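Read the structure below first, then the notes.
Please read all numbers here as calculations on a predicted model, not as lab measurements.
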Amino acid sequence: MTDERIETGEPDGLERLWTPHRMTYISGEEAPEGGYEKPAGCPFCRAPHAPEDESLVVARGESVYAVLNLYPYNPGHLLVCPYRHVADYTDLTEDETVELAAFTRTAMRVIRAVSSPHGFNLGMNQGSVAGAGIAAHLHQHVVPRWGGDANFMPVIGRTKVLPQLLTDTRIMLSKAWPS
Ligand SMILES: [Zn+2]
């Protein structure tokens, strides 16, 4: 049987990670008045102050906190953010840098303990051009990965399949987070 896909463009050997759920960021549908640039409209400045029943905060440190991504790639996809509204990794103080790293490691241990991922993507997108949805407030992604988690659904259906509600993920992770 021959492959009947109609090929357009030149294959370049790169893999593609399709993330259509991020279109709400790109299209600005949910952007607050004044945009994400100002702390008043910044979700990462506001997240630590959300009421307990709406909060997605998993753990709080001295200078950083961990919060579930509202637009997760996978269940347990969380973000480690400084409380301060700073954009660039080089803007962090020494204390913030150390605690951000410690929180990233703890997040990996906690997610491993509760949901046994096969791997992780860790990282920061610095600047809009590099893919940061909210470039003004830096955030470290911790994305658990499972073999086969990038299936056909995002491509065909513009839909990312997430088998767990954020509120349930939050409870599971915050219970497992060492105090
Ligand atoms: Zn902010």
Side-chain angles (χ1 to χ4, degrees), residues 17-61 63-87 89 96 99-100 103-104 106-108 110-112 114-115 117 119-146 149-151 153-155 157-177:
L17 179 63
W18 300 96
T19 58
H21 53 286
R22 291 182 60 80
M23 272 311 287
T24 49
Y25 273 152
I26 296 163
S27 61
E29 276 165 29
E30 298 200 344
E33 208 172 319
Y36 287 124
E37 297 308 308
K38 300 199 177 89
C42 173
F44 299 136
C45 285
R46 293 193 306 190
H49 308 292
E52 187 61 20
D53 57 338
E54 293 172 24
S55 176
L56 295 177
V57 173
V58 170
R60 295 166 195 269
S63 60
V64 308
Y65 69 97
V67 63
L68 292 182
N69 191 343
L70 193 55
Y71 301 93
Y73 292 117
N74 269 337
H77 178 178
L78 56 77
L79 307 166
V80 182
C81 313
Y83 293 114
R84 284 198 310 133
H85 186 80
V86 291
Y89 191 47
E96 287 167 339
E99 199 179 24
L100 188 114
F103 257 54
T104 302
T106 302
M108 288 179 67
V110 166
I111 295 168
R112 273 204 186 110
V114 301
S115 53
F120 286 90
N121 290 111
L122 304 175
M124 277 176 269
N125 301 322
Q126 292 277 274
S128 303
V129 72
I134 300 167
H137 194 137
L138 87 81
H139 46 285
Q140 163 105 300
H141 291 264
V142 179
V143 187
R145 300 298 305 269
W146 288 266
D149 64 13
N151 62 18
M153 279 297 286
V155 181
R158 297 176 60 79
T159 305
K160 183 78 190 165
V161 179
L162 292 154
Q164 187 175 50
L165 294 175
L166 287 175
T167 44
D168 297 335
T169 309
R170 185 215 169 198
I171 291 166
M172 201 169 74
L173 294 180
S174 25
K175 273 187 185 160
W177 198 281

Heavy-atom closest contact ([X] atom, [Y] atom, distance):
X: His85; Y: Cys45; answer: ND1-SG, 3.3 Å
X: Pro82; Y: Val86; answer: CG-CG2, 4.1 Å
X: Pro48; Y: Val57; answer: CA-CG2, 4.2 Å
X: Ile111; Y: Gly76; answer: CD1-O, 3.5 Å
X: Trp177; Y: Ala66; answer: CH2-CB, 4.0 Å

Which residues pass the side-chain hydrogen bond (donor to acceptor under 3.5 Å, both in side chains) test with [X], sequence neighbours left out?
X: His77; value: Asn69, His141
X: Thr167; value: none
X: Thr169; value: Gln164

Let me confirm one number: the [atom1]-[atom2] distance from [X] to [Y], rounded to the nearest 0.5 Å.
X: Met172; Y: Leu68; atom1: CE; atom2: CG; result: 9.5 Å
X: Leu173; Y: Leu56; atom1: CG; atom2: CG; result: 11.0 Å
X: Cys42; Y: His137; atom1: SG; atom2: NE2; result: 5.5 Å
X: Leu166; Y: Ser55; atom1: CG; atom2: OG; result: 11.5 Å

Legend entry - Set of salt bridge (Lys or Arg N to Asp or Glu O under 4.0 Å) partners for Glu96, sequence neighbours left out: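 Partners of Glu96 under the salt bridge (Lys or Arg N to Asp or Glu O under 4.0 Å) test: Arg84.
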Inset, instruction - Sequence neighbours left out, what passes ring-ring contact (aromatic ring centres under 6.0 Å, His included) with Tyr83? Give chain and number order. - result: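 ring-ring contact (aromatic ring centres under 6.0 Å, His included) list for Tyr83, sorted by chain: Tyr65.
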Any [X] side-chain heavy atom under 4.5 Å of [Y] side chain:
X: Leu100; Y: Tyr89; result: yes
X: Gln140; Y: Val64; result: no
X: Tyr73; Y: Asn121; result: no

Inset, instruction - For Asn74 and Pro144, indicate whether the former's side chain and the latter's backbone hold a donor-acceptor pair under 3.5 Å. - result: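 Here the side-chain-to-backbone pair exists.
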Inset, instruction - Look at the side chain of His139 and the backbone N and O of Asn125, then say whether any donor-acceptor pair between them is shorter than 3.5 Å. - result: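 No; zero donor-acceptor contacts below 3.5 Å.
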Inset, instruction - Output all residues satisfying side-chain contact (heavy atoms from CB on, under 4.5 Å) with Ser174, sequence neighbours left out; order by chain, then residue number. - result: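 With sequence neighbours excluded, Ser174 shows a side-chain contact (heavy atoms from CB on, under 4.5 Å) to Val58, Arg170, given in chain and number order.
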